[in-house]
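Everything on this sheet refers to the single structure shown next.
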2 protein chains.
Amino acid sequence: MATVDTDAEPLSIGEVAERTGLSVHALRFYEREGLLVGPVQRTAGGRRRYTTADVDWLLICVKLRGTGMPLADLKRFAELVRHGPGNEAERLRLLDTHQQRIEAQIRTLEECRSVIAWKVGVYAEHLARDDAGGLWDPTV
Amino acid sequence: MATVDTDAEPLSIGEVAERTGLSVHALRFYEREGLLVGPVQRTAGGRRRYTTADVDWLLICVKLRGTGMPLADLKRFAELVRHGPGNEAERLRLLDTHQQRIEAQIRTLEECRSVIAWKVGVYAEHLARDDAGGLWDPTV
DNA sequence: TTAGAAACTAGAGCGAGGTCTAGATCAAGT
DNA sequence: ACTTGATCTAGACCTCGCTCTAGTTTCTAA
């Protein structure tokens, strides 16, 4: 998963935005919030230069955020990684918690999906028969 | 799904809160926002009396909200139902859109789940071997 | 009849997660 | 040298979806 690419060119914030799907605003915001593992390097002129490792980490953040991990947890994770080895148990706990959140969401979604599928079926059938008049009841 | 129960006692807002999992605040808020299909009945003293149909509709709302349907869509749906028969096609479209949102979410979640499962596996294995020192790289 | 719980309204407040603005600076092409 | 576009910082602002407050009124039970 980690892209070990020692002679990769560092990227500008705009390029990272493109690659991660985050806006440049969001990237600066994440940094301010302490969501990055290390400080982002800067050019002489003060511009950010992201390494491939930074981008890899951001891609993980995007994935976790996209599945509902709160920024606070992401921040905690970043802190743990920043502190180096020795806290893997807590990292594991964070991941595990999120895994359970994900399982729960999947169950919720699947349940709702089947309810909707049924309702869609009812509507579609009646629409096809052009007798929608009997469908007034929203709770069908 | 619809509870056809003509001689059911109307419920107070507190009872509805219990049954739907929404707070009484949220119930009043939903009403103000026009998320309910019809106006809620009131007692002589001005208190809300929810019918079973109201509760059924709210339970649907809870399900849809819980899977990410925005309040605006819920409101639109309520409006359509309020206007009675003749707009089933649009109702169907709303449901269909949401169904696709759900499918997409499930795919996202499942993808993330497998990534996490893998990472958890890596962490757990190394923790078990007590050689977590090599796990510094957060992007593993 | 009186206390206490529960409900009422209007409107302010809040937390999450960004987004946008202003005004300045930096870098690249012509 | 000059224009254009990308970045910079600090901080204000925004949307969503509730939540809470204040002050009042209505029930219910003792």
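Below, chain A is the first sequence line, B the second, and so on; all start at residue 1.
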Over how many whole Å does the gap from [X] atom [atom1] to [N] atom [atom2] extend?
| X | N | atom1 | atom2 | answer |
| --- | --- | --- | --- | --- |
| B/Leu11 | C/dA6 | CG | P | 16 Å |
| A/Leu27 | C/dT19 | CG | P | 10 Å |
| B/His25 | C/dC8 | NE2 | C1' | 12 Å |
| A/Leu58 | C/dG18 | CG | C1' | 15 Å |

Item to check | Main-chain N/O of A/Lys75 paired with A/Glu33 side-chain donor or acceptor, under 3.5 Å | outcome: no

Item to check | N/O donor-acceptor pair under 3.5 Å between A/Asp54 side chain and A/Thr51 backbone | outcome: yes

Item to check | Leading and trailing nucleotides of DNA chain D with any atom under 4.0 Å from heavy atoms of chain B | outcome: D/dG17 to D/dC27

Next on the checklist: Return whichever of B/Leu71 or B/Arg28 has its heavy-atom-nearest nucleotide of DNA chain D closer to the 5' end.
Outcome noted: B/Leu71

Item to check | Distance-only donor-acceptor test, B/Arg48 side-chain atoms vs C/dA7 base atoms, 3.5 Å | outcome: no

Next on the checklist: Is there, by distance only and without an angle test, a donor paired with an acceptor across the side chain of A/Arg47 and the base of C/dC26 below 3.5 Å?
Outcome noted: yes

Checklist entry - Which is true for B/Arg49 with a 4.0 Å heavy-atom rule: it touches a base, it touches only sugar-phosphate, or it touches nothing? => result nothing

Item to check | Ion pair check, B/Glu90 and B/Arg76, cut-off under 4.0 Å | outcome: yes

Checklist outcome for this item: When every non-hydrogen atom of B/Leu36 is compared with those of B/Ala78, the smallest separation belongs to O-CB, 4.0 Å

Next on the checklist: Take a 6.0 Å sphere around CD of A/Glu103 and say whether it holds more than 12 heavy atoms from other residues, nucleotides or ligands.
Outcome noted: yes

